[in-house]
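Working notes, beginning with the structure itself.
Computed over heavy atoms, backbone and side chain alike; hydrogens, waters and symmetry mates excluded. None of these values were measured; they are calculated from a predicted model.
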Amino acid sequence: MGVTSYTDEHTSPVAPSRIFKASIVDSHTLIPKLLPQVIKSMDIIEGDGGAGSIKQITFAEGSNFKSIKYRIDELNDDALTYSYTLVEGDALIDELEKITYEIKFEKGPDGGSISKVTSKYYTRGDFKLNEDEVKAGKEKVLGMYKAVEAYLLQNPEAYA
């Protein structure tokens, strides 16, 4: 088994607690409303939404994927950290055992935030990741993040 790790960092003018609440804690409610052309639904199918819970994302028609399921490994409202493991779905091809994500929001300049995302791809055998596919996936996730950010900037009272 091989492990390939990527770390990305993004800055936002939105305070860390607001973007954490909107993009992580309430993602299952907010993101399908903001991006119905991409995400049909995000449902908590097991648990209460905290650590150990299972969420399922069902993608809109026309997407490359039908659905994915992931397990929430950590959700810390105080530290503004979140980690989860992709456990099932179209994105997990046979050569991938799992994908894990660790997200941390910190105070940034001028009251904004810095988000740090580490993704780890656990591959089977000698499989090599397709860097273009990984990059495309990261760009889609960044697009969702930017949609949440835009919503929060337009609605300063939301998630305050």
Side-chain angles (χ1 to χ4, degrees), residues 5-91 98-121 132-160:
S5 180
Y6 300 94
T7 300
D8 296 294
E9 198 171 285
H10 305 286
T11 59
S12 171
V14 178
S17 61
R18 288 185 68 218
I19 200 139
F20 181 81
K21 287 177 197 172
S23 68
I24 303 295
V25 178
D26 197 38
S27 62
H28 58 283
T29 303
L30 183 61
I31 291 175
K33 288 179 185 175
L34 296 179
L35 299 165
Q37 71 281 13
V38 178
I39 305 288
K40 182 177 179 182
S41 65
M42 293 177 82
D43 300 301
I44 299 169
I45 59 172
E46 188 177 307
D48 61 3
S53 297
I54 305 290
K55 280 188 172 182
Q56 177 172 307
I57 299 174
T58 304
F59 295 95
E61 230 175 279
S63 173
N64 293 345
F65 302 126
K66 289 175 91 173
S67 67
I68 58 171
K69 288 183 185 174
Y70 62 92
R71 178 187 66 241
I72 299 170
D73 300 316
E74 177 200 12
L75 176 61
N76 187 322
D77 292 317
D78 296 326
L80 303 179
T81 57
Y82 182 65
S83 61
Y84 64 98
T85 301
L86 189 63
V87 294
E88 188 179 307
D90 304 327
K98 65 182 176 181
I99 306 170
T100 63
Y101 300 89
E102 296 173 9
I103 304 165
K104 180 171 182 54
F105 292 88
E106 299 173 342
K107 288 183 181 178
D110 304 321
S113 60
I114 299 169
S115 67
K116 296 179 181 179
V117 180
T118 300
S119 53
K120 294 181 182 174
Y121 295 75
D132 290 336
E133 289 177 9
V134 171
K135 184 179 178 184
K138 287 199 264 183
E139 287 174 0
K140 288 178 184 176
V141 171
L142 182 59
M144 283 191 279
Y145 177 80
K146 290 295 186 185
V148 171
E149 177 185 74
Y151 171 80
L152 293 173
L153 291 171
Q154 291 171 357
N155 298 277
E157 74 292 343
Y159 300 97

Which value, rounded to the nearest 0.5 Å, describes the distance between [X] atom [atom1] and [Y] atom [atom2]?
| X | Y | atom1 | atom2 | answer |
| --- | --- | --- | --- | --- |
| L86 | K120 | CG | NZ | 15.5 Å |
| R71 | E88 | CZ | CD | 12.0 Å |
| D73 | S53 | CG | OG | 10.5 Å |
| I39 | H28 | CD1 | NE2 | 13.5 Å |
| I72 | E74 | CD1 | CD | 11.0 Å |
| K116 | E9 | NZ | CD | 5.0 Å |

Quiz question: by atom type and distance under 3.5 Å, do the side chains of S27 and K55 form a donor-acceptor pair? yes
Quick one: do the T7 and T118 side chains pair a donor with an acceptor below 3.5 Å? yes
Walk me through whether K140 and V38 qualify under side-chain contact (heavy atoms from CB on, under 4.5 Å). CA-CA 9 Å; K140 288 178 184 176; V38 178; over 6 Å; no
Within the supplied structure, the quantity of interest is the number of heavy atoms (other residues, nucleotides, ligands) at a distance under 6.0 Å from [X] [atom1]; does it exceed 12?
| X | atom1 | value |
| --- | --- | --- |
| K146 | NZ | yes |
| K138 | NZ | yes |
| E61 | CD | no |
| K40 | NZ | no |

Do the side chains of [Y] and [X] get nearer than 4.5 Å, heavy atoms only?
| X | Y | value |
| --- | --- | --- |
| E149 | P13 | yes |
| I19 | H10 | no |
| Y159 | V25 | no |

Can you classify the ring geometry of F65 versus F59 as parallel (below 30°), tilted (30 to 60°) or perpendicular (above 60°)? tilted
Keeping D110 on the side-chain end and G112 on the backbone end, is there a donor-acceptor pair under 3.5 Å? no
When you measure from the side chain of T100 to the backbone of T85, do you find a donor-acceptor pair of N or O atoms at a distance under 3.5 Å? no
Can you give me the closest heavy-atom contact between [X] and [Y], atom names plus distance?
| X | Y | result |
| --- | --- | --- |
| G111 | P16 | O-CD, 4.4 Å |
| P36 | A60 | O-CB, 3.6 Å |
| G49 | I44 | CA-CD1, 3.8 Å |
| S23 | I31 | O-CD1, 4.2 Å |
| V148 | L34 | CA-CD1, 3.8 Å |
| P32 | M42 | CG-N, 3.9 Å |

I'd like to know whether F20 forms a side-chain contact (heavy atoms from CB on, under 4.5 Å) with S113, so could you lay out the CA-CA distance, the side-chain angles of the two residues, the decisive distance to 0.1 Å, and finally the verdict. CA-CA 10 Å; F20 181 81; S113 60; over 6 Å; no
Might you work through the side-chain contact (heavy atoms from CB on, under 4.5 Å) test for E106 and L80, ending with a clear yes or no? CA-CA 7 Å; E106 299 173 342; L80 303 179; over 6 Å; no
Which residue pairs pass the salt bridge (Lys or Arg N to Asp or Glu O under 4.0 Å) test with at least one member in residues 10-32, sequence neighbours excluded? none
Validation row, ring centre Y6 to ring centre Y121 under 6.0 Å: yes
Stepwise side-chain contact (heavy atoms from CB on, under 4.5 Å) test for Y101 and V141: CA-CA 12 Å; Y101 300 89; V141 171; over 6 Å; no
Could you check L75, I54, I103, I99 and say which one makes a side chain to side chain contact (heavy atoms under 4.5 Å, CB included) with Y84? I103
